[in-house]
Amino acid sequence: MAVPKKKTSKAKKNMRRSHHALTAIGLVTCEKCGAPKRQHRVCLECGDYKGSQVLETAE
């Protein structure tokens with residue numbers, strides 16, 4: 001089993017972890033009702049997707 005000869009420094013460890021940060025989700029406004037929604041998904045407020053009604057919503 002391989003064992004490291006030297007301790008990994010804080011700088012080297014943090015450089016390796018530089019890509020581990022979380023990114024925020026992309027939100028856009030719905031063209032029909034103006035509610036925030038995730039990209040390329042059905043609007044949960046009005047049920048609209050790409051200009052057509054996909055979901056029935058209780059109003």
**Request:** Compare every heavy atom of K13 with every heavy atom of T8, then report the nearest pair and how far apart it is.
**Result:**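 Shortest heavy-atom contact: CG2-N, 4.0 Å.
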**Asked** Closest approach of E45 and C33, non-hydrogen atoms and distance?
**Response**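 E45 and C33 have their closest heavy atoms at CB-SG, 4.0 Å.
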Could you give the side-chain donor-acceptor pairs of residues 35-43 under 3.5 Å, partners two or more places apart or in another chain?
{"unit_1": "K37", "atom_1": "NZ", "unit_2": "R41", "atom_2": "O", "d": "3.0"}
{"unit_1": "R41", "atom_1": "NH1", "unit_2": "Q39", "atom_2": "O", "d": "3.0"}

**Message:** Are more than 12 heavy atoms, taken from residues, nucleotides or ligands other than L55, located less than 6.0 Å from that residue's CG atom?
**Reply:**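 Above 12, so yes.
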**Message:** Check whether E31 reaches the backbone of K50 with its side chain - one donor and one acceptor, N or O, closer than 3.5 Å.
**Reply:**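 Such a contact is absent between E31 side chain and K50 backbone.
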